[in-house]
Every structure is written in structure tokens, then in C-alpha cells.
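One structure is given below, encoded as C-alpha cells.
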Amino acid sequence: MNQKTESDNAPDIEPGNETRNAWLSPRRFRFWAVIAMLAYTLGGFFLAPLLVSKLAIDGVRDSMGRELVIEKVRINPFVLSADVENIELRDTDGEPLFALGHFRANFQLSSLFRWAWTFREIRLDAPHVLYERFAPGDDRFTRLLADVERLDTEPAPPVAEQAGLPRLLVHDLQLNDGTAMVRDHVPAEPVVLQPGPVTVDIRELNTLPDRSGQQSVEVRFEDNAAIVWQGSLALEPLASEGQLTLQNLPLDQAIDYLHEVIDVDAFTARLSLRTDYRLSLSADDDVALELSDLQTDLDALSVTGFEPAERILAVDAISTRGGRVAYPEQRLDIGDIEIAGLAADLQMDANGEPRILQLLLPAPKSGGDESSEPWLITANGFRIDQARVALEDRGVEPPAALTIAGLDLALSNIDNRANTTMPLAVSAQLDGGGTLNLEGDLTVLPDVTLDGRASIAGVPLSLAQPYVDQLARVAIESGAASAEFNLALAAAGEIRAEGSAQVDDLQFSDTVENLPLLSWKRLEIDQFRADTAATRLDVSRIGLNEPFGRIQVRADRSTNLSELAVTDVTTTDAGTAPAAEPDRAPWIVVVGIIDFDNGGMDFSDLSLPLP
């Protein structure tokens with residue numbers, strides 16, 4: 001009797017089905033591997049984008065109280081890349097705080113071997129940021145942070161020791177075609193800026209110890225203006241070294257911030273800057289910054305003010321070379337400073353005060369630590385070449401005017417330490433003739449003092465005509481003054497001068513009869529000494545060459561001189577003369593010798609009876 005086994009009762013399996021059933025058998029590892037691969041593929045391509053989008057939108061709404069809009073998310077689970085299209089973070093009023101045209105990140109499995117989050121590429125295309133300030137300390141981002149803090153209901157975790165940055169390595173970080181919108185409503189005239197496009201290219205950005213990457217940042221503005229930053233960058237610890245360049249940046253809109261300190265009508269200039277830098281942060285969070293080979297150029301500077309608008313200052317170029325900044329040493333070395341093509345218009349008002357002071361506003365209170373150590377500020381030299389300065393005194397009528405056509409100034413060994421002696425040299429040529437020169441040692445702190453030698457040559461006395469008009473009806477037809485003297489300015493403002501002087505070819509005429517009044521060929525002062533503290537003037541000798549004077553006694557016994565005095569008594573609103581100034585010590589004048597050589601006089605007395 002034949003006995004059948006269980007296997008004999010099993011259905012026959014065709015050869016092709018045997019292989020298929022083996023792959024589909026859940027008892028096989030490869031079956032689950034296929035299922036896992038399918039789940040990974042479907043989840044990565046289809047489910048993950050939906051989850052990322054939803055989690056991001058919900059998270060922003062819950063934690064910030066703002067709306068996040070994402071057009072599309074694409075994830076490739078095989079190459080570990082993510083692409084997000086058209087991201088927009090909207091503020092509570094619907095304004096886009098941040099927008100991004102395209103975001104791409106490509107993660108790498110080598111993170112497992114480096115024990116660091118590693119990305120082959122992170123790229124941000126067409127990012128846009130809105131910064132809007134409504135009041136000091138109140139802007140869109142401070143409001144955002146306040147809402148984040150308000151919505152954070154989770155208890156604060158216990159304070160732990162500060163940990164280092166997570167280990168991160170980004171081989172290629174790019175930001176392309178970035179833009180920004182800046183709106184500042186704090187100035188009286190709101191400021192609107194739109195910098196861009198912004199380009200950032202950082203290679204090997206990482207937080208790995210003692211490993212640095214290379215970065216290149218470029219921000220473009222209108223009219224070929226740009227900010228360029230290139231160099232190395234390490235994050236653990238923070239350190240960067242390279243070069244920073246500002247190219248042709250317009251400063252026109254700085255006028256809106258200058259209005260807080262000076263009421264000028266317009267301010268224009270263009271700034272360029274180049275410097276090498278080194279920045280580091282120690283383990284104790286101490287910042288060290290050094291700028292070296294610093295050079296700046298401020299071109300086409302123009303300032304206008306008053307009503308109606310008048311030019312106050314115009315400068316072709318202000319340049320510095322060889323500057324250096326060191327912190328925490330708190331040292332600023334400006335290097336060499338040169339000013340070219342300066343033109344200034346300065347006036348004294350009717351009260352004898354510099355008119356530009358009318359434009360200055362009360363300085364805002366400083367919130368800094370006044371007890372901190374001051375910075376040491378130095379400069380190798382300061383030069384002004386061929387400046388033109390127009391001075392006008394509106395305290396007299398007609399206004400007195402003096403124009404310095406060619407002013408050269410050189411100052412060296414400059415710093416802000418007390419009792420520093422700075423050699424000074426000034427030379428000036430006046431419109432209409434005449435020169436001024438001064439050489440000496442200047443001290444600025446703690447008081448202004450000067451010790452030097454000055455000279456004037458051929459300065460026309462006609463410059464004093466507006467002041468003479470206030471006193472006498474006399475016209476200065478000609479005359480030029482020259483002098484050489486030692487000059488000392490003391491701390492309390494006293495002045496001492498000692499030297500010699502002369503006045504050539506003087507001619508005065510009276511404006512009543514239009515006749516000559518006083519003249520000489522030359523007046524010489526051999527030696528003089530003047531001291532304002534002692535109110536004393538000593539003159540060794542006065543020599544007059546070919547002096548001439550005209551005196552006429554009228555029939556009524558008055559003289560031609562009595563008609564020349566100008567009577568101008570100013571009264572107050574009450575009709576009384578103003579209060580006299582406090583008594584001042586009268587000047588003591590001592591003259592040793594007075595010489596006349598080949599003098600003459602036109603004298604007539606019409607009061608005498610005819611014979």
C-alpha cells in the first residue's frame with residue numbers, strides 16, 4: 001500500500017512562478033527591502049513635501065503670529081536635496097517681511113563620517129528683506145520678536161552651560177540677486193533705501209575647530225556703488241581676515257539724519273573706502289578688531305543751508321591714507337589727511353556771532369558710558385591745499401568781506417592727548433593782494449595755545465573800510481600793511497605779539513568834501529610789544545616818511561574834522577541808551593620816538609578876520 005506525503009498533495013508550481021513567489025514572500029528580507037524602498041521613494045517625493053510645507057506654515061503661525069506662504073516644495077530622497085519655490089513671510093499687515101524666490105539645499109551622507117552636518121550646496125535665489133522703522137526702538141523685527149516671546153508659552157528650560165556651535169560644513173553657500181527695502185520714518189523726512197543686488201559666495205563654511213572658509217560678499221547700489229567683502233571666515237572660534245571695500249557710495253540721504261544735529265538744506269558726497277581687516281572672538285567672548293592700511297575718499301562734498309539756500313561748504317576731495325584701527329586697544333590712527341578744492345562761505349551775523357551756529361541744534365543726550373577710557377586718536381599729518389574761504393561780517397553796514405583765494409595749511413604730529421605739541425604752518429593769499437603766513441607750535445588740549453612767528457605782507461587797508469564807515473566819513477583810497485612778529489596765544493585767551501610793522505602809501509580822503517585828508521609814503525614801527533593781559537602797547541620808534549594832513553578851521557570855528565565823526569547812538573525799546581559794558585582797564589601806550597621826514601600840511605583858518 002502506497003503512503004502519500006504532504007508534499008505529494010501540494011499543487012505543482014510552474015518554474016516561472018517559483019521565482020516570483022520567492023521575491024514576494026514576506027518571509028524574505030528582500031521583500032521588506034523593496035517595501036522600504038517604495039515607502040522611502042513615495043514618502044520622499046510626495047509625502048515629505050506636504051509635511052514640510054504644513055509644518056513650516058503651522059509653526060510660523062503658532063510661534064510668530066504671521067503667515068508663511070510656500071508655493072512648492074520638492075524633495076529628492078535619492079540625492080538628498082530639497083528645493084522650495086517662492087517663500088514669503090508676511091507681517092501682520094500683509095507686508096512681506098521676507099521673500100525668497102528659490103531655496104536649494106543638498107545634504108551629504110558624508111556627514112556620518114565627518115560627524116558633522118554636511119551640505120554640498122545651500123543656495124538662496126532672489127531673497128528680499130523689508131526693514132521698516134516706525135520710532136526709535138520700534139520696527140517690524142522688534143515687533144516680531146515681541147510676538148515670538150508672547151506666544152512662547154512653554155516654560156523656559158533650565159540654564160545650561162553654554163555649548164559650542166553644532167558641527168556644520170557647507171561646501172558651497174550662495175546668495176544670488178538679493179534685494180532689500182529700508183524704510184525709516186524716524187527722520188522728519190522719511191528715508192527709503194533699496195540696496196541690491198546682493199551676491200554672497202562662501203566656500204567651505206564650517207564650525208569645525210580651527211578650519212576656515214573663503215567668502216565673497218558683494219552688495220550693489222545705483223550709480224555703480226558697491227560694498228565688497230572678501231576674505232576667510234571661521235566660526236569655531238569666530239575669526240575672519242580679509243579686505244573690505246566701499247565703492248562710490250552716495251551719502252545724499254544722510255541729510256535726513258544730519259537734520260537731528262544741524263539744520264542744513266542739502267548735503268551731497270560720495271564715499272569710497274578700502275581696508276584690510278582682522279576680526280576674532282575669544283573663548284571669553286572678547287572681540288578683537290584690527291583695520292590696517294585704511295584709506296578713504298570723500299568726493300564732491302557739498303553743503304548748503306539757510307533760507308534762501310546758500311552754499312556753506314564745497315570740497316572736491318577729502319582723502320586719508322595709511323589709517324589703522326585697533327580694538328580693544330581703543331586706538332584710531334587716521335594716517336595722512338588731505339583736503340583739496342575746498343571752498344567755504346562763512347559769515348558773522350549782526351550780533352557778531354558765527355552765522356553757522358544758527359544751524360546747530362541741541363546735541364542729543366549721549367547714552368554711552370562716559371566713564372570709559374577715551375580712544376587715542378592720532379594722525380601723521382593734515383593738509384589743506386589751495387582752499388578758498390570767503391568771510392563776511394554782517395555786523396556792519398555795508399558788510400565787510402575778506403576772501404582768501406589760496407589757503408595752504410599743514411599740521412603734523414596730531415593726537416588727542418593733553419599737551420601734545422603739533423607743528424603748524426599756514427599761508428594765505430588774499431583777493432586784491434596781500435599774503436599771510438604763520439609757523440609755530442599748536443597745543444589743543446587741555447587749552448588752545450600757540451607759540452610761533454607770523455607775517456603779513458601787502459595787505460590792503462581798504463579791507464577795513466566797512467568798519468571805518470561806522471566811525472568816520474573817511475574813505476581809504478590806498479595803503480598796504482606789512483608786519484613780522486612773534487605771536488603767543490596763552491591758555492586764557494591772552495595774546496602777546498612782538499615785532500615790527502609798516503604801512504605804505506596810505507591815503508585817506510573825507511567823503512564830505514571829497515578832498516585828501518591824510519597820507520604818508522611810509523609809516524615804520526621799528527619794534528613793538530603788545531600784551532592783551534597787561535593791556536599795554538610799547539613802541540620803540542614810529543617813523544613817518546612824507547606825511548601829509550589837511551586841517552581847515554571854518555568861519556564858525558568848527559573844523560573839517562568835526563564833520564567827519566559818525567554819530568550813531570543806539571537806544572533800547574525804553575528810549576534809553578544801553579547799559580555800558582563792565583569797566584575794562586585802559587590800554588597803556590608808550591612810544592619812545594616819533595620821527596617825521598619831509599612832512600607837509602594844508603592848513604587854513606577861515607575864522608580869522610581879513611586885514
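- With no hydrogens or angles considered, a side-chain donor-acceptor pair links E71 and N86 at under 3.5 Å.
- Rounding to the nearest 0.5 Å gives a distance of 6.5 Å between CE of M348 and CD of E353.
- There is no side-chain donor-acceptor pair under 3.5 Å between E121 and H171.
- Checking N176 against D125 by side-chain atom types alone, a donor-acceptor pair falls below 3.5 Å.
- Residues satisfying the ring pair (Phe, Tyr, Trp, His ring centres under 6.0 Å) criterion with W117, sequence neighbours excluded, are F107.
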- Run the salt bridge (charged side-chain N to carboxylate O under 4.0 Å, His left out) check on R355 and D349 step by step: do they pass? CA-CA 5 Å; R355 192 163 174 241; D349 62 20; over 6 Å; no

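- Between E218 and R220 a salt bridge is recorded (basic side-chain N to carboxylate O distance below 4.0 Å).
- Aromatic rings of F45 and F78 (six-membered ring for Trp) have centroids within the 6.0 Å cut-off, being under it.
- By the salt bridge (Lys or Arg N to Asp or Glu O under 4.0 Å) test, R143 is found to be paired with D138, residues two or more places apart in sequence or in another chain being considered.
- D201 and S216 are not linked by any side-chain donor-acceptor pair at a separation below 3.5 angstrom, with hydrogens and angles left out of the test.
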- Message: Please evaluate residues N76 and S81 with respect to the criterion side-chain hydrogen bond (donor to acceptor under 3.5 Å, both in side chains), reporting the C-alpha separation (whole Å), side-chain torsions for both, the decisive distance (0.1 Å), and the verdict.
- Response: CA-CA 5 Å; N76 188 326; S81 68; 4.8 Å; no

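- The two residues V73 and P49 have their closest heavy-atom pair at O-CB, 3.2 Å.
- Scanning both residues, Y277 and L244, for their nearest heavy atoms gives CD2-N, 4.2 Å.
- With respect to the salt-bridge test (charged N to carboxylate O, under 4.0 angstrom), the residues R278 and D276 do not qualify.
- Side-chain contact between I377 and I334 is present, with at least one heavy-atom pair separated by less than 4.5 Å.
- Between L273 and L294, the closest side-chain pair of non-hydrogen atoms falls below 4.5 Å.
- A donor and an acceptor atom, one from each side chain of Q386 and D408, are located under 3.5 Å apart.
- The nearest pair of heavy atoms linking R66 to R90 is CG-O, 2.9 Å.
- Checked by atom type, the side-chain pair D297/S319 shows no donor-acceptor distance below 3.5 Å.
- Using a cutoff of 4.0 Å between basic side-chain nitrogens and carboxylate oxygens, R74 and E85 are scored as salt-bridged.
- Here the side chains of L442 and L411 are in contact, with some heavy-atom distance below 4.5 Å.
- We find the OG1-CG distance between T268 and L251 to be 9.0 Å, quoted to the nearest 0.5 Å.
- Remark: R123 CZ is packed, more than 12 non-hydrogen atoms of other residues, nucleotides or ligands lying under 6.0 Å away.
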